[in-house]
Amino acid sequence: MNKEKVSPRDPVELAFEQIASRFDHYLARLYNQNNTQRGIIIFDKSTYETTIQGLATNFRTIGHSWGVLRNLSEVPLFLDSKASRLIQLADLVAYSIFRKYEHGDTQFFSIIENRFDQVGGIKHGLCEKL
């Protein structure tokens with residue numbers, strides 16, 4: 001029997017690396033178009049707050065798999081979703097993605113699928129690990 005190997009990397013670290021690097025890359029493209037704004041990543045309150053803030057600091061100084069973060073203004077912020085409509089909106093986006101991949105239901109995903117970051121027809125804002 002051939003057992004599938006599971007990556008030894010922490011899924012939280014892998015997911016945050018994807019989010020941070022893609023967002024940084026997007027902001028770099030804006031910067032190259034003379035839009036010099038910086039970005040900030042906001043999360044729902046989590047037990048991973050210390051871990052993610054540490055990763056963000058390391059990604060800004062030591063780097064990650066694809067380079068160093070250069071376009072974020074702060075370490076990630078953590079807010080209670082009950083107090084922030086933006087976090088509630090992010091929850092709806094996550095739910096639509098969950099419904100698509102777990103249940104094949106594209107009712108909500110179809111509304112947002114063209115909003116993910118893409119350049120030259122290549123989608124960058126949605127990382128699919130199947």
* Test of ring centre spacing under 6.0 Å for Phe16 and Phe59 -> yes

### Message
Keeping Glu17 on the side-chain end and His64 on the backbone end, is there a donor-acceptor pair under 3.5 Å?
### Response
no

Tell me whether Ile87 is reachable from Ile40 by hopping between hydrophobic residues (I, L, V, M, F, W, Y) whose side-chain heavy atoms are closer than 4.5 Å. yes

Item to complete: For side-chain hydrogen bond (donor to acceptor under 3.5 Å, both in side chains), just list the numbers for Gln33 and Asn35, CA-CA rounded to whole Å, side-chain angles, deciding distance to a tenth of an Å, and then say yes or no.
Response: CA-CA 6 Å; Gln33 298 168 0; Asn35 184 340; over 6 Å; no

Notebook entry, point to check: Are Val12 and Ile42 connected in the hydrophobic side-chain network, where two residues link if heavy atoms are under 4.5 Å apart?
Noted result: no

Name every donor-acceptor pair, under 3.5 Å, that has one atom in a side chain of residues 50-57 and the other anywhere in the protein, sequence neighbours excluded.
unit_1: Gln53; atom_1: NE2; unit_2: Pro76; atom_2: O; d: 3.1
unit_1: Thr57; atom_1: OG1; unit_2: Gln53; atom_2: O; d: 3.1

Rounded to the nearest 0.5 angstrom, the CD-NZ distance for Gln88 and Lys82 is 10.0 Å

Count the heavy atoms of every other residue, nucleotide or ligand shown that sit under 6.0 Å from OH of Tyr31, and state whether that count exceeds 12. no

To the nearest 0.5 Å, atom NZ of Lys123 lies from atom CZ of Arg22 at 13.0 Å

Heavy-atom closest pair (Ser21 atom, Gln18 atom, distance to 0.1 Å) is OG-O, 3.3 Å

Can Leu89 be reached from Ile112 by stepping across I, L, V, M, F, W or Y side chains whose heavy atoms are under 4.5 Å apart? no

Is there side-chain contact between Tyr48 and Asp10, with heavy atoms separated by less than 4.5 Å? no

**Prompt:** Any chain of hydrophobic side-chain contacts (each under 4.5 Å) joining Leu69 to Val75?
**Reply:** no

Is the OH atom of Tyr26 crowded by more than 12 outside heavy atoms at less than 6.0 Å? no

Value for OG (Ser65) from CD (Glu13), rounded to nearest 0.5 Å, stands at 8.0 Å

Rounded to the nearest 0.5 Å, the CZ atom of Arg70 sits from the CZ atom of Arg38 at a distance of 10.5 Å

Rounding to 0.5 Å, atoms CD1 (Ile19) and CG (Asp24) come to a distance of 13.5 Å

To the nearest 0.5 Å, atom OG of Ser73 lies from atom CD1 of Ile41 at 9.5 Å

Original post:
Can you hop from Leu30 to Phe23 via hydrophobic side chains spaced under 4.5 Å?
Top reply: yes

ask   = Got a donor-acceptor contact below 3.5 angstrom from the Asp44 side chain to the Ser81 backbone?
value = yes

Sorted by chain and residue number, the ring pair (Phe, Tyr, Trp, His ring centres under 6.0 Å) partners of Phe78 (sequence neighbours excluded) come out as Phe43

Problem - Residue pair Leu92 / Phe108, side-chain heavy-atom distance below 4.5 Å - result: no

Across all chains, not counting sequence neighbours, the salt bridge (charged side-chain N to carboxylate O under 4.0 Å, His left out) partners of Arg29 are Asp117

Closest non-hydrogen atoms of Val68 and Arg60, given as atom of the first, atom of the second and distance, are CG1-O, 3.2 Å

